[in-house]
Protein chains: 2
Amino acid sequence: MTAGKTGRKRPTISDVAQRAGVTKGAVSRALNSGTGVSSGTRERIRQAAVELGWSPSYAARALNGKPLGTIGLVVRRSPEILDFDAFFPSFLSGIESVLSGEEHATVIRFVPDAQTEAATYERLFGDRFVDGFLVTDLAVDDERPEMLDRLGAPAVVVGAPEGSSDFPTITNDSEEAIRGLVRRFAEAGHRRIAHVQGDPCMLHALQRRRHWEQAVRDLDLEPGPVEYGSYTIVGGAEATERILARNDDERPTAVFYGSDLMAIGGYSVLGEAGLDIPGDVAVAGFDDIPLASFASPPLTTVRSRHRALGSAGARILLDMLKGQAPPLSTMLTGELCLRESSGQPL
Amino acid sequence: MTAGKTGRKRPTISDVAQRAGVTKGAVSRALNSGTGVSSGTRERIRQAAVELGWSPSYAARALNGKPLGTIGLVVRRSPEILDFDAFFPSFLSGIESVLSGEEHATVIRFVPDAQTEAATYERLFGDRFVDGFLVTDLAVDDERPEMLDRLGAPAVVVGAPEGSSDFPTITNDSEEAIRGLVRRFAEAGHRRIAHVQGDPCMLHALQRRRHWEQAVRDLDLEPGPVEYGSYTIVGGAEATERILARNDDERPTAVFYGSDLMAIGGYSVLGEAGLDIPGDVAVAGFDDIPLASFASPPLTTVRSRHRALGSAGARILLDMLKGQAPPLSTMLTGELCLRESSGQPL
DNA sequence: CTGAAAGCGCTAACAA
DNA sequence: TTGTTAGCGCTTTCAG
């Protein structure tokens with residue numbers, strides 16, 4: 001009465017064993033390591049498994065500490081960013097494009113605070129619910145690398161500067177593009193170039209700010225005002241208002257925004273102030289979202305390879321899980337997209 | 001030597017039991033049903049669990065058929081859509097916004113074909129790796145509802161017409177908005193209104209096409225040409241070319257596109273053909289992506305509540321999992337956004 | 001090469 | 001109210 005039943009149940013390894021005339025142990029060995037069984041029986045077992053349409057139970061495997069074929073994405077941001085942000089959907093798209101072919105699933109969890117975040121990493125991996133993590137949004141003094149190391153969790157850090165942790169890192173290298181942008185501004189005669197950036201606690205934001213600053217100084221210019229805000233239209237608008245509220249002698253003639261959305265927000269504030277783009281103020285963004293080329297005027301921006309960040313991250317994590325030694329650092333280079341908002345070419 | 005060890009292992013239910021001076025069974029009861037234990041011991045057990053930082057093992061629970069706190073999203077589309085499509089990121093955003101507060105995770109799997117799709121649903125739920133599903137992109141003769149029913153999987157169908165399956169369904173109701181749009185076209189003097197739609201095997205595409213057709217007929221007009229293509233810029237461009245290739249007497253003076261991206265694709269083809277929008281051809285899209293209001297001319301469109309679709313779907317699925325009877329049908333109403341592309345108001 | 005058996009962490013039925 | 005016990009489906013020793 002226990003076995004058999006109405007038949008509406010998934011076959012287990014025992015069913016396969018029985019059909020193949022062997023024991024569960026043999027089946028397990030045959031289908032996993034492949035060793036320890038004669039090729040004859042192995043074939044027989046494989047047959048039986050196929051005929052029964054058997055597939056191993058995730059739960060039972062997990063209970064034995066085996067990988068499940070899942071990677072975790074724990075995000076400490078508001079879920080709304082999926083709707084607005086340029087990074088996340090593309091990033092996820094890149095991840096899925098490699099996972100899809102590898103029969104892996106993504107486990108996504110948005111968490112509200114650092115405490116839940118830590119607990120989530122711990123539970124997800126402690127139980128081997130996921131095999132490893134893709135870590136984004138690394139912040140200054142971020143505790144996750146240390147924690148993940150303590151847990152012994154395989155992980156790849158994505159979108160952070162090289163060397164920011166001991167985990168393999170995929171870096172979005174936009175130094176050259178930013179340098180090119182600043183040079184362009186300078187060539188067009190701009191002496192005071194402002195910068196609007198997202199949360200400076202984020203390593204990537206910090207890094208881009210530095211690239212901008214260094215590029216400006218290398219041209220023997222004094223960096224213009226810097227304002228921070230969220231990577232949104234509103235964030236960009238507010239930051240722009242603060243910039244315009246400054247003394248005349250601090251007022252920039254060019255602004256480099258940390259995201260295209262911010263730049264779009266800037267457009268409206270500059271427009272309302274009666275300032276012409278690029279006539280009175282030259283503008284550039286970051287990301288190259290589809291909207292950038294449709295904006296009026298079309299927005300000069302630094303194209304960032306979000307999808308590639310996802311696919312490279314997933315690729316490397318998967319390789320790690322297979323036991324391969326990952327490259328500790330991978331660079332993806334950003335590209336400057338010159339459009340009208342930064343002024344006509346000389 | 002077995003217990004104790006170096007201490008670098010997660011505590012198990014036995015550790016909690018031991019510390020509380022009871023057995024595993026008692027702990028399980030105390031922390032699950034809460035019944036069958038005196039409130040005294042229950043408290044003691046809770047204490048011990050907290051002190052040890054214990055949390056139950058997903059794997060072991062799943063092995064006993066208990067829910068894990070995960071919902072599944074199996075998508076038979078190219079992962080690239082995450083990068084382009086208007087629906088998916090917003091939809092996911094809606095889902096996560098409710099799951100985030102409920103301590104649930106999303107398990108996402110992109111699959112290439114129907115066969116993998118079926119197998120994925122079966123494995124994911126057969127093993128209780130996920131507690132239920134959110135089902136999107138229901139097609140004509142879609143086999144998933146039947147299969148999920150057979151599996152006994154809780155599921156909510158999202159974005160399909162009312163009554164298209166026996167599962168609770170969230171419908172994106174844009175009939176009135178489409179009717180309003182068509183009326184608007186007619187009032188502006190258009191007699192021949194074309195339609196460009198996505199894959200007609202998709203129930204939602206089919207339904208919108210019908211709404212368009214009915215609205216046209218109700219105005220005593222003959223529906224103009226219909227073309228199909230992918231919901232992308234390219235798809236829209238190609239469909240527009242086919243429309244322009246028709247005989248003059250079939251050539252429409254207004255086109256209703258099934259997605260904003262398609263409409264944008266139409267813009268370029270119409271522009272290259274020397275046609276003015278809305279002077280020569282009036283245009284409308286569907287979705288209301290951010291780009292729509294930035295396009296030139298700004299695009300009239302039907303706003304679709306993608307986020308709400310996700311949050312309502314997740315909300316209802318979660319309620320079902322808690323044992324509540326779900327509403328069999330939920331309607332979310334689309335909204336017409338009139339902009340210049342459909343012509344000036346009379 | 002193969003079978004037998006222990007055990008992963010938990011739940012639930014059954015006794016006490 | 002409690003303890004005891006038998007699994008859940010699989011992996012992995014350890015004998016044979």
Side-chain angles (χ1 to χ4, degrees), chain A residues 1-5 9-46 48-49 52-69 123 125-129, chain B residues 1-5 9-46 48-49 52-69 122-129:
Chain A
M1 254 314 174
T2 312
K5 243 320 199 172
K9 264 182 77 69
R10 272 162 55 97
T12 77
I13 199 173
S14 300
D15 299 325
V16 177
Q18 192 180 343
R19 186 177 190 98
V22 294
T23 56
K24 304 189 305 177
V27 176
S28 178
R29 271 166 295 184
L31 269 26
N32 287 323
S33 57
T35 92
V37 245
S38 71
S39 61
T41 32
R42 178 167 43 225
E43 198 37 53
R44 198 147 36 87
I45 291 174
R46 226 186 277 283
L52 260 40
W54 176 82
S55 62
S57 151
Y58 288 119
R61 298 198 64 172
L63 201 47
N64 287 288
K66 308 258 88 172
L68 286 185
R123 270 210 81 186
F125 187 75
D127 226 23
R128 297 302 184 278
F129 193 77
Chain B
M1 253 311 176
T2 313
K5 245 319 200 172
K9 264 183 76 67
R10 272 162 55 97
T12 77
I13 199 174
S14 300
D15 299 325
V16 177
Q18 191 181 343
R19 187 180 189 96
V22 294
T23 57
K24 304 189 304 176
V27 176
S28 178
R29 269 167 294 180
L31 268 26
N32 288 323
S33 57
T35 90
V37 246
S38 70
S39 62
T41 32
R42 179 168 42 226
E43 198 38 52
R44 198 146 36 86
I45 290 173
R46 226 185 278 282
L52 260 39
W54 175 84
S55 62
S57 151
Y58 288 119
R61 297 197 64 173
L63 203 48
N64 288 290
K66 307 259 88 172
L68 287 185
E122 206 143 339
R123 273 209 80 186
L124 246 29
F125 187 74
D127 227 23
R128 296 302 183 279
F129 193 78

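Only heavy atoms go into these numbers, but all of them, side chains included; no hydrogens, no water, no symmetry mates. All chains are named by letter (A, B, ...) in the order of the sequence lines, taking the proteins before the strands, and each is independently numbered beginning at 1.
Seen from the ring of B/Phe125, B/Arg128 counts as a face-on cation partner, given the 6.0 Å and 45° thresholds.
Distance CZ (B/Arg123) to P (D/dG9): 14 Å, rounded to an integer number of Å. Distance CZ (A/Phe129) to C1' (C/dG9): 16 Å, rounded to an integer number of Å. Rounded to whole Å, atom P of C/dT11 lies 11 Å from atom CG of B/Leu68. When the C1' atom of D/dG9 is taken as reference, atom CZ of A/Arg128 falls 19 Å away, rounded to whole Å.
For the atom pair OG (A/Ser28) and NZ (A/Lys66), the distance works out to 8.0 Å, reported to the nearest 0.5 Å. Here A/Ser55 contributes atom OG and B/Asp127 contributes atom CG; the two are 7.0 Å apart, rounded to the nearest 0.5 Å.
A/Gly126 comes within 4.0 angstrom of no nucleic acid atom, judged by non-hydrogen atoms across all strands. Residue A/Gly40 is classed as having no contact, given no heavy-atom separation below 4.0 Å to the nucleic acid. Within 4.0 Å (heavy atoms only), B/Ser38 reaches sugar-phosphate atoms of the nucleic acid but no base atom.
B/Arg46 contributes no side-chain N or O that, together with a main-chain N or O of B/Ala30, makes up a donor-acceptor pair within less than 3.5 Å.
Contact annotation: A/Thr41 side-chain N/O to C/dC1 OP1/OP2 distance is not under 4.0 Å.
Classified by interplanar angle (parallel below 30°, tilted 30° to 60°, perpendicular above 60°), the ring pair A/Phe129/B/Phe129 is parallel.
Heavy-atom nearest nucleotides on DNA chain D were determined for B/Asp127 and for B/Arg42, and the one closer to the 5' end corresponds to B/Arg42.
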_Nucleotide-resolved protein contact map, nucleotides 10-16 of chain D, B/S/- at heavy-atom distance under 4.0 Å_ = BBB----
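Side-chain atoms of B/Arg29 and B/Val22, non-hydrogen and from C-beta on, never get closer than 4.5 Å to each other.
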